[in-house]
Amino acid sequence: MQGYADLVADPQVKHMQALVTARGAGETGASITLVNHPVRYDGEAAAIRLPPQRLGAQTREVLGELGFGAAEIAALARDGVVRVDET
């Protein structure tokens with residue numbers, strides 16, 4: 001079993017370019033390391049064009065599509081059942 005530092009330094013992980021660093025979302029835009037897309041197209045990995053969304057970015061929309069009302073979603077967020085992005 002490898003720890004994170006071992007995994008990052010693993011020659012096969014490097015060779016496969018299994019990890020990729022991208023700019024993050026949020027106020028700082030701090031970079032984050034992600035697992036790279038495993039499929040290659042003409043020998044190249046798909047590019048990461050956008051940072052990942054904030055946690056809870058689409059919670060309201062998804063729950064709304066499932067029939068939850070605004071008050072129900074607010075209660076779920078208040079009780080810590082779901083996370084909603086407050087920005």
Side-chain angles (χ1 to χ4, degrees):
M1 177 154 305
Q2 292 182 318
Y4 184 76
D6 298 324
L7 183 66
V8 171
D10 185 290
Q12 184 66 15
V13 171
K14 287 182 178 182
H15 174 75
M16 296 299 296
Q17 299 173 333
L19 300 176
V20 63
T21 300
R23 70 181 170 89
E27 296 174 10
T28 66
S31 62
I32 59 171
T33 300
L34 305 168
V35 175
N36 205 358
H37 187 2
V39 178
R40 302 285 189 246
Y41 303 96
D42 294 326
E44 300 292 325
I48 296 176
R49 297 182 300 238
L50 299 171
Q53 293 183 343
R54 294 175 188 253
L55 183 61
Q58 295 179 339
T59 301
R60 287 187 177 94
E61 291 87 351
V62 170
L63 292 178
E65 288 178 11
L66 293 172
F68 288 83
E72 291 173 298
I73 296 169
L76 290 170
R78 180 194 68 234
D79 294 342
V81 176
V82 297
R83 173 90 182 253
V84 295
D85 187 10
E86 299 296 338
T87 60

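Every heavy atom of this structure was used, including side-chain atoms; hydrogens, water molecules and symmetry mates were not.
Contact record, T59 with R83: OG1-O, 2.6 Å, taken as the closest heavy-atom pair. Considering every non-hydrogen atom in both I73 and V82, the closest pair reads O-CG2, 4.5 Å. Closest of all the heavy-atom pairs between A45 and R40 is CB-NH1, 3.0 Å. Considering all non-hydrogen atoms of both residues, N36 and Q17 come closest at ND2-O, 2.9 Å. Summarising the geometry of Q53 relative to A57, their closest heavy-atom pair is OE1-CB, 3.6 Å, with the distance given to 0.1 Å. Closest approach of D85 to R60, counting heavy atoms only: O-NH1, 3.3 Å.
Atom CG of L34 is separated from atom CD1 of I48 by 5.0 Å, given to the nearest 0.5 angstrom.
D10 places a side-chain N or O within 3.5 Å of a backbone atom of Q12 that can act as its donor or acceptor partner.
L55 and L63 fall into different hydrophobic clusters, where Ile, Leu, Val, Met, Phe, Trp and Tyr residues are linked whenever their side-chain heavy atoms come under 4.5 Å apart, directly or through other members. Tracing side-chain contacts under 4.5 Å through hydrophobic residues (I, L, V, M, F, W, Y), one never reaches V13 starting from V20; they form parts of separate clusters. A continuous path of ILVMFWY side-chain contacts below 4.5 Å connects L76 to V62, so both sit in one hydrophobic cluster. Residues V35 and I32 do not share a hydrophobic cluster, defined by chaining ILVMFWY side chains whose heavy atoms lie under 4.5 Å apart.
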Show your working on side-chain contact (heavy atoms from CB on, under 4.5 Å) between Y4 and T33 and close with a plain yes or no. CA-CA 11 Å; Y4 184 76; T33 300; 3.8 Å; yes
